[in-house]
Each structure stands twice: as structure tokens, then as C-alpha cells.
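Everything on this sheet refers to the single structure shown next.
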Protein chains: 2
Amino acid sequence: MYTEWAERFRVLGDATRLRILSLLSVRDACVCELVELLPITQPAVSQHLRKLKLAGLVDEYRVKSWRFYRLQADMPPYIGSWIQELKVGDSDIVWLKTHQVGATCTINKSARVNSTDDEVGMLDETDDHR
Amino acid sequence: MYTEWAERFRVLGDATRLRILSLLSVRDACVCELVELLPITQPAVSQHLRKLKLAGLVDEYRVKSWRFYRLQADMPPYIGSWIQELKVGDSDIVWLKTHQVGATCTINKSARVNSTDDEVGMLDETDDHR
DNA sequence: ATGGTATATAAGCATATAGTGATATACTTA
DNA sequence: TAAGTATATCACTATATGCTTATATACCAT
């Protein structure tokens, strides 16, 4: 029983993962968006997401070729309120609210700065979740 | 800030420390009592207590030559109420309620570097490792 | 298929962590 | 004062963790 909670806390005990959770509390995001927001590489982001998922804190759904992550609907007790206690950075909020979902990816290019009016339409989620 | 909460969670992310917190939720205890209850050595217990103290989860007071630890009165938000939910093992409760404070110590009974004499049954048969 | 994009996994490295035994420090008492 | 007890700290080791680069897999469009 201690081990179960210890495991949970161990997953929460990393500033990057807490930031990911706080970002997801603003809106769902795909991996490449998180990569843009975080100062670490894509594999590192993936590995954090896997741990968060195994801990039951986030789950995942697919849209086109993206994998979106979101806060798990039914969190373990208390954890939901802890996450709300995290205050999200203003610039993170602005970024998430102003970027059209899917418009920012192509992660290895610093290009793509122009053509800002070439937008991706609203999501039509492929299938299965929820 | 993420780092601050991450640090807090990291301290909670260890089953031994959670057990210590649950023990202290029954009653204050001195280090040597915790040593009796936990399957680790006294230095390990001391080190856990130091981390718990630095994280603001426990504090310490002195009685005679003992250092008693107790749950910090004013916990970081949410954590206090969460600890209440931690279920303490029955045998731990019994032990803490039935042992007179300070009556159980003298921890290094079998570890004395005392010269020779009777080492008694410590070294028994050697057939338990194969 | 072919190529491109998005994400996951693998392998390796550097650092952090929890444990140990040895030792130092602090307090108590004869 | 000396001796004993309680606790902390030191030095070390084994393992875990987070990061990176390289590579594999999955999906999408041509």
C-alpha cells in the first residue's frame, strides 16, 4: 500500500512531469506540441508521457497521425486537486490558447515560420476514445 | 513553482518514508523506535528523517538523549489531509501503543564490537544459504 | 511502394538515491 | 572524568533515473 502511493509520488516528483500535467490542464496536447514547449528532446517527452500514463495520470487518443494526451478523467484521490494547485505559466497558457492544434508540428524544422495562414481545420477525432 | 512541488513529491516517493509518516501519525517516536520498526539500519532511518524534515513534513524535539520526531503541525497544502488517509499497519499501531516511550531502545544490542565472549546464536548453522 | 511526419523504443552516459558499515558528535550518568 | 547510549554524518556501493543520440515503428499522402 505504501509502495503504491510511493510509486505515484515518484512519478509526480519531477518538475518536467509536473509541467506537462499543468500544460494538459489547459488543454489536450500532442507530443510535438509538448516538445515545442519543453526544453528537452522528443524521446524525453515520450518517456515522461509513458510514465505518466502508467501511473494513471494521463491517457492518450489518436487524431490523424498525432497522439494526443490529456489528464486522465478519474485521477487517484487528492492528485486532481494537487494538479489544480500547480499554476501554469502565463506564456504556456498563451501558447496553448493561440496555437491551432496540429499547426505547429514538424518538430525538426525551425522553418515553417511563414505561411501562418495555412491552418489545419478543427479536429475530427478518428474513433474510439471516451 | 514546479520544482518546489516536485521536491515535495520526490520526498514522498519512497515507501519507507511513507511508512515513517504513517507511524508518526499514530504518535511521536524517537529514532531508535523507528529503527526497531523498520527493516533498515539506524543511519538509513536518520537520513530519511533528515529528508522529511527538510521537506517540512516532520519536525524534531529532544527529550533526554532522544530525538523525537513528529508530523509537522503546519503541512504544505493538501499533504496533511492526505497523510490522514494513509492506512497504518495494524501491527505498527499495536507496537506503538503498547511500548512505553523510550523503553525499547539500546539498539545495537547484537552489534556490539565488544570483545569476544558469547556471540551466541547469531552465527548458527550455515545451511540457510545455498 | 516511396517519402515524409509523428511517436516510440533502444542503448549509453552522467547523476541521484537508498542502502551499508565506520565513525563522529551529543547527551546522560556513574 | 569516563563510559554508555542515541543520533548524525561520512565514505562507499549498487541501482534507478533523466537525458541524449540513433533507430524502429506507425501513419499519411503521393
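Quick note on labels: first sequence line is chain A, next is B, and so on, each numbered from 1.
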Checklist entry - Do the side chain of B:Glu36 and the main chain of B:Glu33 share a donor and acceptor less than 3.5 angstrom apart? => result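 Judged by distance alone, no pair lies under 3.5 Å.
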
Next on the checklist: Tell me whether the side-chain N or O atoms of A:Gln42 pair up with the base of C:dA6 as donor and acceptor below 3.5 Å, since no angle test is needed here.
Outcome noted: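 There is none.
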
Any [X] side-chain N or O less than 4.0 Å from OP1/OP2 of [N]:
X	N	answer
A:Arg67	D:dA26	no
B:Ser46	D:dA6	no
B:Tyr69	D:dA6	no
B:Ser65	D:dT5	no

Quick one: [X] [atom1] to [N] [atom2], roughly how many Å, whole number?
X	N	atom1	atom2	answer
A:Trp66	C:dA6	CH2	P	7 Å
B:Phe9	D:dG18	CZ	P	15 Å
B:Ile20	D:dT7	CD1	P	13 Å
A:Arg50	C:dA6	CZ	P	21 Å
B:Phe68	D:dA8	CZ	P	12 Å
A:Gln47	C:dA10	CD	C1'	9 Å
A:Leu52	D:dG18	CG	P	10 Å
B:Lys64	C:dA30	NZ	P	11 Å

Item to check | Side-chain touch B:Tyr69/B:Leu52, heavy atoms, less than 4.5 angstrom | outcome: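 Not in contact.
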
Checklist entry - Which one, C:dG19, C:dG21, D:dC19, comes nearest to the side chain of B:Thr41? => result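 Closest of the options to the side chain of B:Thr41: C:dG21.
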
Item to check | Pairwise 5' ranking along DNA chain C for B:Arg62 and A:Val45, keeping only the more 5' one | outcome: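 With B:Arg62 and A:Val45 compared, the 5'-side residue is A:Val45.
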
Checklist entry - Do B:Trp82 and A:Phe9 have their ring centres less than 6.0 Å from each other? => result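 So the answer is yes for these two rings.
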
Checklist entry - With a non-hydrogen cut-off below 4.0 angstrom, is A:Lys51 in contact with a base, only sugar-phosphate, or nothing? => result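 Contact class for A:Lys51: sugar-phosphate only.
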
Checklist entry - Does the side chain of B:Gln42 come under 3.5 Å of the side chain of B:Ser46 through a donor N or O and an acceptor N or O? => result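 Note: B:Gln42 and B:Ser46 side chains meet the donor-acceptor criterion.
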
Item to check | Least distance between heavy atoms, B:Pro39 atom then B:Arg19 atom | outcome: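 Residues B:Pro39 and B:Arg19, closest heavy atoms: CD-NH1, 4.1 Å.
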
